[in-house]
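Read through the structure below, which is laid out as structure tokens, and then see the notes.
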Amino acid sequence: MSRILLTFALVIPSLTLAGIRHFPEAKTWVLETEGTSYVLRADSENRLLHLYWGARLQEQDYRAASFQAAGEEYPAWGGRINVEPCLKVNRPDGVRDLVLRYASHEQTGDTLILRLKDIRDDISVELEYQVYESYDIIRKSARITNGTGGQVTLESVQSGLWQIPAAEQDRLTYLAGHWGREFQVLREQIHQGAKVLESRIGKTGHYLNPWFAVDHGDATEETGAVWFGALAWSGNWKFTVERTSDGRTWLTGGYNDFDFAWPLHPGESFETPAFYGGFTSGGFGDASQLLHRWERDQVLPDGHSPHPRPVLYNSWYSTYFDVNEALLKKVAEIAATLGVELFAIDDGWFGRRNNDRAGLGDWEPNPEKFPNGLGPVIEHVHKLGMKFGIWIEPEMVNPDSDLYRAHADWVIHFPGRPRSEQRNQLVLNLARNDVKEHLFGVLDKLLSENRIDYVKWDMNREFTEPGWPEVPIERQKTIWIEYVRNLYDLWDRLRERHPEVIFEACSGGGGRIDLAMLSRSEQVWTSDNTDPFDRLKIQHGFTLAYPPKAMMAWVTDVPDRLNQRTTSLQFRFLSAMMGSLGISVALEKWPEEDLAFARKMIALYKDIRETIQRGDLYRLASPWEGDLTANQYVSADGKQAVVFAFRHSQQFRDTFPPLRLRGLDPATLYRLRPIDEKVTGDSRTVSGAFLMNHGLLLRLVGDYDATAVVLEKLGSP
Ligand code: GLA
């Protein structure tokens with residue numbers, strides 16, 4: 001009898017649809033991408049278990065294999081659960097025990113929903129999965145529904161848990177920093193005890209970024225198994241990394257449960273942000289290539305646009321608050337001759353904004369600086385053939401502003417308590433719908449009345465005293481989430497009304513960069529630190545998680561403001577050309593020689609930007625490891641490659657071994673177009689095999705020396 005049943009089970013076809021496979025007889029679901037499998041099973045007690053995530057398995061394994069004893073896919077706090085829970089609730093009767101069991105499933109296209117329900121009450125969770133087959137990435141999120149007759153309070157709600165297969169040891173890689181020092185790469189062994197990465201300041205934060213990678217202690221840039229992921233949320237978030245006693249790493253992520261309480265009334269649902277995860281056997285380099293491709297195609301709002309990111313001029317580091325019509329017109333004329341395509345006025349153009357002590361909130365042009373409004377500058381810039389853009393910081397208000405004088409109650413505050421200022425400003429409570437509608441009106445008017453092509457949306461402080469006195473006490477802690485949801489709504493509606501406008505997300509540099517912002521902004525401001533040497537590390541870390549196409553990088557004047565370092569214009573340009581290029585310099589003071597050099601570099605950038613913005617990035621030499629940083633980009637069609645190399649500080653007359661390239665076709669010849677004589681050797685036509693196995697000879701000497709070479713694919717030898 002059992003043999004008959006077994007045979008029967010083996011011949012039932014699996015129901016396959018777009019990477020999601022269901023094996024009903026085994027109560028098993030598989031999220032399958034080109035290179036990975038993610039296996040879930042409901043056991044005899046209907047506990048939904050996570051069985052496996054990693055390199056792709058065979059169909060036979062999904063049905064029959066003995067997997068290591070597994071943990072629950074979405075452990076709620078109840079029963080015997082003592083790890084970080086994905087969900088914790090409280091009920092009116094004080095019962096906090098929640099035990100979830102598989103109830104049903106639904107599959108549509110590339111999306112799978114698994115429904116879980118408490119063993120007693122109608123409190124249910126829908127786990128939603130989406131598969132991005134060709135990117136080896138999956139998306140997970142959860143929706144909690146209160147089907148009971150009483151109010152339930154959610155005390156922690158996570159998007160999901162990633163379980164890494166057991167190994168002797170695991171390492172966690174993450175991105176940390178502070179203002180001017182974003183995206184520094186930290187890597188450490190995962191021991192017992194929870195490691196928490198989080199934000200408690202209302203925004204994504206400079207301090208930690210919601211991205212992770214886990215490996216078994218042996219992955220390199222080019223080799224090894226790497227599990228990686230990122231959360232699409234721009235408010236308080238939290239990752240909890242735990243090591244189980246049987247050698248697995250569990251990484252739970254979602255809304256931060258710090259200062260969190262969400263009242264869920266009968267019939268209401270509550271949704272988490274999306275948590276994305278991916279796997280590769282090809283090291284950290286391949287992990288970021290997968291992410292970049294997916295982000296370019298699926299996340300960035302201009303994914304399918306054929307237009308590259310335009311070369312930007314921004315006024316900030318040249319004029320700070322001293323912008324005015326005459327100066328900007330003059331600078332715009334010079335910028336246009338250099339090949340700049342987008343001319344942007346940064347801070348200082350509105351209200352009584354002559355320094356950072358006044359004006360935020362009053363989004364009308366300053367009458368002394370722009371007596372005729374923005375119109376004449378915009379027209380001038382457009383006539384010169386460039387797009388026009390401005391800086392705004394809509395979520396903020398200076399106490400010295402007309403808006404604050406009229407609506408002091410609109411800021412985030414606790415009644416009768418101090419309102420801490422940062423950069424002389426307070427945060428408008430965007431969780432309030434009246435505040436949101438006010439901002440929508442102001443910004444919509446600004447964009448409708450002026451031909452603005454680009455907006456840099458800044459957010460220069462953290463939340464403090466996070467009170468929302470206008471709503472019942474039970475709802476006051478929802479401010480953390482309602483604020484961000486309304487921010488997204490505001491941003492989305494403006495994008496919808498003004499689809500031609502390019503948006504850039506900024507937050508005192510890179511303080512609010514995450515997948516949710518990336519889905520609403522063509523580009524992001526990476527860091528206020530524009531020292532081209534510091535940028536090598538910042539940009540290296542950024543590219544672990546986010547794509548070079550969105551990474552704004554500017555050339556600024558020397559000595560650099562932060563480190564007082566003087567570097568050559570070539571070093572500065574090459575460092576900035578590894579992302580989306582901008583300049584923020586006092587062009588009106590530049591000698592003709594520098595202008596000519598800038599013209600040449602901008603022309604070169606336009607020639608290679610398709611490769612940089614839409615190609616694959618190979619990090620050849622890390623700024624964290626030696627005296628050389630080198631990056632290579634290969635165009636999507638493989639016809640062009642570009643190599644950038646930077647020497648930090650030579651000692652002992654040391655030279656470099658040849659720089660071995662990657663991602664080329666070994667059997668094809670490439671023509672080398674070095675930008676100068678620092679790529680040595682006479683031969684300008686070499687094979688991909690030579691470049692990848694022997695490598696390029698570089699002569700970079702002294703301090704802060706840099707070069708670049710363009711490779712054009714010729715064909716078979
Ligand atoms: C922030 C941004 C800068 C600049 C200033 C203007 O610091 O990161 O790029 O826009 O604000 O005040």
Side-chain angles (χ1 to χ4, degrees), residues 177-183 201-207 209 234 312-324 328 331 342-363 365-366 369 388-398 400-401 421-428 452 454-462 502-514 517 521-532 534-535 538-539 542 546 550-557 560-562 572 576 579-586:
H178 54 67
W179 177 86
R181 192 180 198 272
E182 294 87 339
F183 301 107
I201 57 172
K203 62 175 182 176
T204 322
H206 296 83
Y207 186 57
N209 190 272
S234 318
L312 169 82
Y313 167 89
N314 175 293
S315 61
W316 181 241
Y317 289 127
S318 146
T319 61
Y320 292 99
F321 299 95
D322 289 334
V323 285
N324 64 62
L328 288 168
V331 174
L342 166 58
F343 186 87
I345 314 182
D346 208 278
D347 202 347
W349 62 267
F350 52 89
R352 279 183 296 284
R353 186 78 168 164
N354 297 315
N355 48 52
D356 62 15
R357 290 189 294 281
L360 287 176
D362 303 337
W363 300 104
N366 177 296
K369 300 176 189 178
F388 173 83
I390 49 165
W391 176 96
I392 51 172
E393 197 181 359
E395 300 154 72
M396 298 293 156
V397 67
N398 288 114
D400 184 1
S401 67
E421 293 176 22
Q422 284 175 4
R423 209 192 187 204
N424 312 301
Q425 62 197 55
L426 298 165
V427 188
L428 288 171
I452 292 170
Y454 153 92
V455 161
K456 176 178 169 192
W457 185 312
D458 209 341
M459 198 281 195
N460 274 310
R461 60 159 291 177
E462 309 170 347
I502 299 169
F503 281 78
E504 177 172 322
C506 172
S507 180
R512 194 163 63 185
I513 296 176
D514 54 73
M517 289 320 289
S521 330
E522 281 78 2
Q523 52 196 57
V524 295
W525 182 225
T526 317
S527 174
D528 281 342
N529 184 345
T530 56
D531 176 337
D534 284 5
R535 271 293 182 124
I538 294 172
Q539 296 179 176
F542 180 99
Y546 306 112
M551 180 177 78
M552 290 310 296
W554 300 348
V555 173
T556 51
D557 283 316
D560 165 74
R561 298 166 329 282
L562 296 189
R572 282 177 274 155
S580 272
L581 177 65
I583 58 173
S584 185
V585 295

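Counting convention: from 1, in listed order, for ligands and their atoms alike. Counting from 1, the numbers follow the sequence of the chain as shown.
Atoms of ligand 1 found under 4.0 Å from any heavy atom of Gly509 (numbered from 1 in listed order, with element): 8 (O). For ligand 1, the atoms lying closer than 4.0 Å to a non-hydrogen atom of Trp525 are 8 (O), 9 (O). Taking a cut-off of under 4.0 Å to the non-hydrogen atoms of Trp316, the atoms of ligand 1 that pass are 4 (C), 5 (C), 6 (C), 12 (O). Close contacts of ligand 1 with Gly508, meaning ligand atoms under 4.0 Å from a residue heavy atom, involve 7 (O), 8 (O).
Using a 30° and 60° split on the angle between ring planes, Trp349 and Trp363 fall in the tilted class, from 30° to 60°. Ring geometry for Tyr317 against Trp554 counts as perpendicular: the plane angle is over 60°, on a 0 to 90° scale with 30° as the lower cut.
In this comparison of Asp356, Ile392, Asp528, the heavy atom closest to atom 8 (O) of ligand 1 sits on Asp528.
Among the atoms of Trp179, none of the N or O lies under 3.5 angstrom from an N or O of ligand 1. Between Asp347 and ligand 1, a contact under 3.5 Å exists for at least one N or O pair. Distances between N or O atoms of Asp346 and those of ligand 1 include at least one value under 3.5 Å. The distance criterion of under 3.5 Å between nitrogen or oxygen atoms is met by Arg423 with respect to ligand 1. Every N/O-N/O distance between Cys506 and ligand 1 stays at or above 3.5 Å.
The protein non-hydrogen atom at the shortest distance from atom 2 (C) of ligand 1 is Asp458 OD2, 3.1 Å.
Residue Phe321 forms a ring-ring contact (aromatic ring centres under 6.0 Å, His included) with just one option from Phe350, Trp391, Trp316, and that option is Trp316. Each of Tyr454, Tyr313, Phe388 was evaluated against Phe343; a single residue qualifies, Tyr313, per the ring-ring contact (aromatic ring centres under 6.0 Å, His included) test.
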Can Gln523 and Ser580 be said to form a side chain to side chain donor-acceptor pair (under 3.5 Å), step by step? CA-CA 8 Å; Gln523 52 196 57; Ser580 272; 5.4 Å; no

Under the criterion side chain to side chain donor-acceptor pair (under 3.5 Å), I'd like the reasoning laid out for Asn529 against Asp531: C-alpha separation, chi angles, the key distance, then a yes or no. CA-CA 6 Å; Asn529 184 345; Asp531 176 337; 5.9 Å; no

Going through the distances and angles, do Asp514 and Thr204 end up as a side chain to side chain donor-acceptor pair (under 3.5 Å)? CA-CA 7 Å; Asp514 54 73; Thr204 322; 2.6 Å; yes

Kindly indicate, with the supporting measurements, whether the criterion salt bridge (charged side-chain N to carboxylate O under 4.0 Å, His left out) is fulfilled by Asp346 and Lys456. CA-CA 8 Å; Asp346 208 278; Lys456 176 178 169 192; 2.8 Å; yes

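Ligand 1 lies within reach of Lys456, whose nearest heavy atom is under 4.0 Å from it.
For Arg535 and Trp525, the positive end sits near the middle of the six-membered ring, less than 6.0 Å away and at most 45° from its axis.
Residue contacts with ligand 1 for Asn460 involve side-chain atoms from C-beta outward but no N, CA, C or O (heavy atoms, distance under 4.0 Å).
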